[in-house]
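Everything below concerns the one structure shown next.
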Amino acid sequence: MSKENELTIKVYEKYGNKYLARNTEDVKNNQRTRMNNDRHIRQLEKYLYGLSKDSKIFEIGSASGRDAKIIQALGYTNITVSDVTNYFLGLLKQQGFLPLKFNLITD
């Protein structure tokens with residue numbers, strides 16, 4: 001694993017809670033951020049277009065589970081979430097997901 005990848009993982013382990021808090025606060029208080037999120041949802045819908053609702057979906061780097069929750073809300077039922085950091089894996093478990101520890105670079 002590269003030094004850069006190791007550093008990125010360490011930063012998310014240490015500051016993942018601050019990253020999520022900042023992003024959550026931005027969504028609540030910023031009209032532009034809400035518009036970007038709406039655009040993000042539409043983009044996810046485009047990516048998923050044509051897939052059956054029971055298609056197997058593997059999300060890499062699920063972090064807070066935001067996209068997985070959107071995908072579920074769109075009616076897709078077979079989603080596997082993953083992340084490389086223990087912080088986010090714990091958060092995903094708290095939300096009822098069964099996440100896999102997965103590093104895109106080494107796994």
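Everything numeric here is computed off the predicted structure, so don't read it as measured data.
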Are any of the side-chain heavy atoms of [X] and [Y] separated by less than 4.5 Å?
X   : Y    : value
I57 : T80  : no
I9  : N103 : yes
N78 : K53  : no
F97 : Q72  : yes
E59 : S82  : no

Interatomic spacing from [atom1] in [X] to [atom2] in [Y] - rounded to 0.5 Å:
X    : Y   : atom1 : atom2 : value
L104 : I60 : CG    : CD1   : 5.0 Å
K69  : L92 : NZ    : CG    : 8.5 Å
S62  : F88 : OG    : CZ    : 10.5 Å

Tell me whether [X] shares a hydrophobic cluster with [Y], the cluster being built from Ile, Leu, Val, Met, Phe, Trp, Tyr side chains joined at under 4.5 Å.
X   : Y    : value
I71 : L100 : no
L91 : Y12  : yes
V81 : Y47  : yes
L74 : I79  : yes

Determine whether H40 and D67 satisfy the following criterion, side chain to side chain contact (heavy atoms under 4.5 Å, CB included), listing intermediate values before the conclusion.
CA-CA 9 Å; H40 180 71; D67 289 351; 2.7 Å; yes
Would the number of heavy atoms belonging to other residues, nucleotides or ligands and lying under 6.0 Å from CG of L7 be above 12?
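Above 12, so yes.
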Donor-acceptor pair, [X] side chain versus [Y] backbone, under 3.5 Å?
X   : Y   : answer
S2  : N5  : yes
T8  : E4  : yes
Y76 : L48 : yes
D83 : A63 : yes

Please assess K101 against D107 for the test side chain to side chain contact (heavy atoms under 4.5 Å, CB included), listing each intermediate value before the final yes or no.
CA-CA 9 Å; K101 187 163 189 166; D107 295 331; 5.9 Å; no
According to the interplanar angle, ranging from 0 to 90°, do the rings of F58 and F102 count as parallel (below 30°), tilted (30 to 60°) or perpendicular (above 60°)?
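Geometry flag for F102 against F58: perpendicular rings.
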So, do Y87 and Y15 have ring centers that fall under 6.0 Å from each other?
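No, the ring centres sit 6.0 Å or more apart.
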